[in-house]
Chemist: 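First the structure, then my questions, so here it is.
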Amino acid sequence: MLVNSKKLFDNALKQGYAIPAYNINNLEWIRFILEACNEDKSPVILAVTPSSIEYFGGYKIVVNLVETMINELCIKVPVVLHLDHANDFLSCKMAIDAGFTSVMIDVSTMGFEDNVAITDKVVSYAKEHDVSVEAELGSLGSDDSSQDIYLYSDLEQSHDFVFRTGIDSFAPSVGNVHGFYNGNEKIDFELLGAICKMVRIPLVLHGASGLDDNKLKTAIFCGVTKINFNTDLMYAWSCEVRKYLKTNKDIYDPRKIILSGKNAVKKVIHEKNTIIGSKNRL
Ligand SMILES: [Zn+2]
């Protein structure tokens, strides 16, 4: 069943766990994630970036694929279909019109007032359609950027931003980065906790791949209710596929090649669901 994230966040906040968000990269990944989370009895957020929308061929294709798979595979857990890091109002509108149940508007690289204005416009449209909205303040770094990758949201500004936009969940920059940390992680948990007390809405942790179990648990303790994983899954899959191709040099069936990484992806999902406590929540 496709749902928005509001009730899932309420339950997770009350019971002290987090909802996992896994990026879908192709048709097979939708299935890996849905199956793994259904086995775990874990609610799940399927995150789709604008580049993945392009890869799949459009918003409606993604909605139809996900809905059909939920029905045909008899997936019993609640599923949120979430647009990840949309950088304009129109993308959010198109996702909502197509049937997405959650969107993230990320115009954090713009000035503060522009960020407030665009986010506010997305929230107004989303509310009319019962869709939840996540937004970000202070740009997240990336492990492939040459700039200083550690950026931190301002406490007062975070409060102002959340209060003025009415978003459902907030993604602060607290030293987290997309991709791998390369042994150089600088998450400010004190700031994370302070932001949570200040904004009093569910927090989202982007760039959680590579964070150890204790850090994930600490983040949840500090008020994080949604944790995004992508790199860990892609890495596990590609390692397995490389191994498979190396030892099966005569195989050319793409189904066998793609599926050779299935168990590795599902294993990571089971591990993450266990660590963040989303298992057996139904
Ligand atoms: Zn992200």
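Excluded from the calculations below are hydrogen atoms, water molecules and symmetry mates; all remaining heavy atoms, backbone and side chain alike, are included. Whatever order the structure lists ligands and atoms in, that order sets their numbers, starting from 1. These figures come from a predicted structure and were not determined experimentally. Here, residue 1 is the first one in the sequence, and each next residue gets the next number.
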Chemist: Restricting to pairs with a member in residues 2-25, which pass ring-ring contact (aromatic ring centres under 6.0 Å, His included), not counting sequence neighbours?
Modeler: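 The answer is Tyr22-Phe229.
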Chemist: Considering just N/O/S atoms, say which atom of His178 is closest to the Zn ion (ligand 1).
Modeler: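 Distance check against the Zn ion (ligand 1) picks out NE2 in His178.
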Chemist: For the Zn ion (ligand 1), which N, O or S atom of His85 is at the shortest distance?
Modeler: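 Distance check against the Zn ion (ligand 1) picks out NE2 in His85.
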Chemist: Do Phe180 and Tyr235 have their ring centres less than 6.0 Å from each other?
Modeler: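 They qualify: ring centres under 6.0 Å apart.
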Chemist: Not counting sequence neighbours, list each pair that qualifies as a side-chain hydrogen bond (donor to acceptor under 3.5 Å, both in side chains) and has a residue in residues 52-75.
Modeler: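 Listed once each, the pairs are Thr49-Ser52.
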Chemist: Which is the closest N/O/S atom of His206 when seen from the Zn ion (ligand 1)?
Modeler: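 The Zn ion (ligand 1) is closest to the His206 atom ND1, counting only N, O or S.
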Chemist: Would you tell me whether Glu134 and His206 have side-chain atoms, one donor and one acceptor, within less than 3.5 Å of each other?
Modeler: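 A donor-acceptor contact under 3.5 Å links the two side chains.
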